[in-house]
Amino acid sequence: MEPVTLTTDRLLLRTVGPDDTEAVYRAAQDPDMQRWISQFPSPYLREHAEGFTGRMVPDGWACDSMYTFGLFLPGGELAGMLAVTMRALGVGEVGFWAVREHRGRGYVTEATLAAARWAFTALCVDRLEWRAEVGNAASRAVAERAGFTVEGTLRSGVNNKGVRRDCWVGSLLPSDLGLPSTAPYLPARG
């Protein structure tokens, strides 16, 4: 798929490329991001940012496997990053981070809702999952503000730099946003 651009009231969500490498590199120097984001090497080197913006992001779009958006403010400054990774037929997983100086302003929640609506309508996703290592309260707060239902804890659910850790898992369904599903959904009756 060719990359798409999404807009919200305060953000432009667009793919990132080599011109964004320096901004990604600077943001990734944050020790909190290196601690909580299992895909972030530590230390995070410039070559990691180059590989991300130059290969990983465009390859994800080209293979319809991962759709990555930079979250940009009106002046062009990077406020964060968000990706929807396809996990199974009709199932995507959202992951996100915010640049330290832009945390607490609701940008990632706003972007998550925009990306979820896009995934439900353009990608035929019927379930969007969110996962975060237990203890990552900021990520959980974003997910909950975006309407995700936290479904529980997966024991040994993530591998963070070679260490298995428990993670929270949650989901957002099209119906949570007033959108139709591509397949009928029959919830369990208790």
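Just the heavy atoms: all of them, side chains too, but no hydrogens, waters or symmetry mates, feed the values below.
Summarising the geometry, atom CG belonging to L78 is positioned 11.5 Å from atom CD belonging to E22; distances are rounded to the nearest 0.5 Å. Rounding to the nearest 0.5 angstrom, the gap separating the CE atom in M56 from the NE2 atom in H48 is 10.5 Å. If you take CZ on F148 and OG1 on T109, they are separated by 10.0 Å, rounding to the nearest 0.5 Å. For the atom pair E151 CD and W168 CH2, the distance stands at 14.5 Å (nearest 0.5 Å). The CG atom of L172 sits 9.0 Å away from atom CZ of R117, with the distance rounded to the nearest 0.5 Å. Distance check, rounded to the nearest 0.5 Å: CZ of R131 to OG1 of T85 gives 11.0 Å.
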Run F52 and T68 through side chain to side chain contact (heavy atoms under 4.5 Å, CB included) and show every step you take. CA-CA 10 Å; F52 177 72; T68 303; 3.8 Å; yes
Show your working on side chain to side chain contact (heavy atoms under 4.5 Å, CB included) between F72 and T5 and close with a plain yes or no. CA-CA 11 Å; F72 291 92; T5 299; over 6 Å; no
Assess the residue pair V150 and E144 against the criterion (side chain to side chain contact (heavy atoms under 4.5 Å, CB included)); give the C-alpha distance rounded to whole Å, side-chain angles, the decisive distance to 0.1 Å, and a yes or no. CA-CA 7 Å; V150 177; E144 289 177 334; 3.6 Å; yes
Report the C-alpha separation of V16 and M81 in whole Å, then their side-chain angles, then the decisive distance to 0.1 Å, and conclude whether the side chain to side chain contact (heavy atoms under 4.5 Å, CB included) test is met. CA-CA 9 Å; V16 293; M81 196 72 59; 3.9 Å; yes
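Classification of the F69-W61 ring pair by plane angle, with boundaries at 30° and 60°, yields perpendicular.
Annotation for R100 and P31: closest pair NH2-CD, 4.1 Å, computed over non-hydrogen atoms. Between T53 and P58, the shortest heavy-atom distance links the atoms O-CD, 3.5 Å. The shortest heavy-atom contact between S156 and D166 is N-OD1, 2.8 Å. When all heavy atoms are compared, the tightest approach of A111 to L11 is CB-CD1, 4.1 Å. Nearest approach of V125 to G92, heavy atoms of both residues: CG1-N, 4.0 Å. Residues Q34 and S42 approach most closely at OE1-OG, 2.6 Å, considering heavy atoms.
With salt bridges taken as basic N to acidic carboxylate O contacts below 4.0 Å, one links R14 and D20. A salt bridge does not link R105 with E110: every distance from a Lys NZ or Arg NE/NH1/NH2 to an Asp or Glu carboxylate oxygen is 4.0 Å or more. Taking a cutoff of 4.0 Å between a charged side-chain nitrogen and a carboxylate oxygen, R103 and D30 qualify as a salt bridge. Look at R35 and E133 and you find a salt bridge, because one of the NZ, NE, NH1 or NH2 atoms lies within 4.0 Å of a carboxylate O, short of that distance.
Side-chain polar atoms of T149 and S171 form no donor-acceptor pair below 3.5 angstrom. Judged purely by distance below 3.5 Å, without hydrogens or angles, the side chains of S139 and W130 pair a donor atom with an acceptor atom. One side chain, D126 or T182, offers a donor N or O that lies under 3.5 Å from an acceptor on the other.
Here the side chains of D59 and M66 are not in contact, with every heavy-atom distance at 4.5 Å or above. When side chains are defined from C-beta on, L82 counts as touching T112, because their heavy atoms get closer than 4.5 Å.
Residues V134 and W97 share a single hydrophobic cluster, defined by chaining ILVMFWY side chains whose heavy atoms lie under 4.5 Å apart. In the hydrophobic clustering of ILVMFWY residues, with side-chain heavy atoms under 4.5 Å counting as a link, F40 and L45 come out apart. Cluster membership for Y67 and V91, using ILVMFWY side-chain heavy atoms within less than 4.5 angstrom, is not shared.
In this structure, E50 contributes its side chain and T21 its backbone to no donor-acceptor pair below 3.5 Å. No side-chain donor-acceptor contact under 3.5 Å links H102 to the backbone of V99. Remark: the backbone N or O of Q39 is not paired with any side-chain donor or acceptor of K161 at under 3.5 angstrom.
When each of L71, V84, V108 is checked for a side chain to side chain contact (heavy atoms under 4.5 Å, CB included) with F96, only V108 meets the rule.
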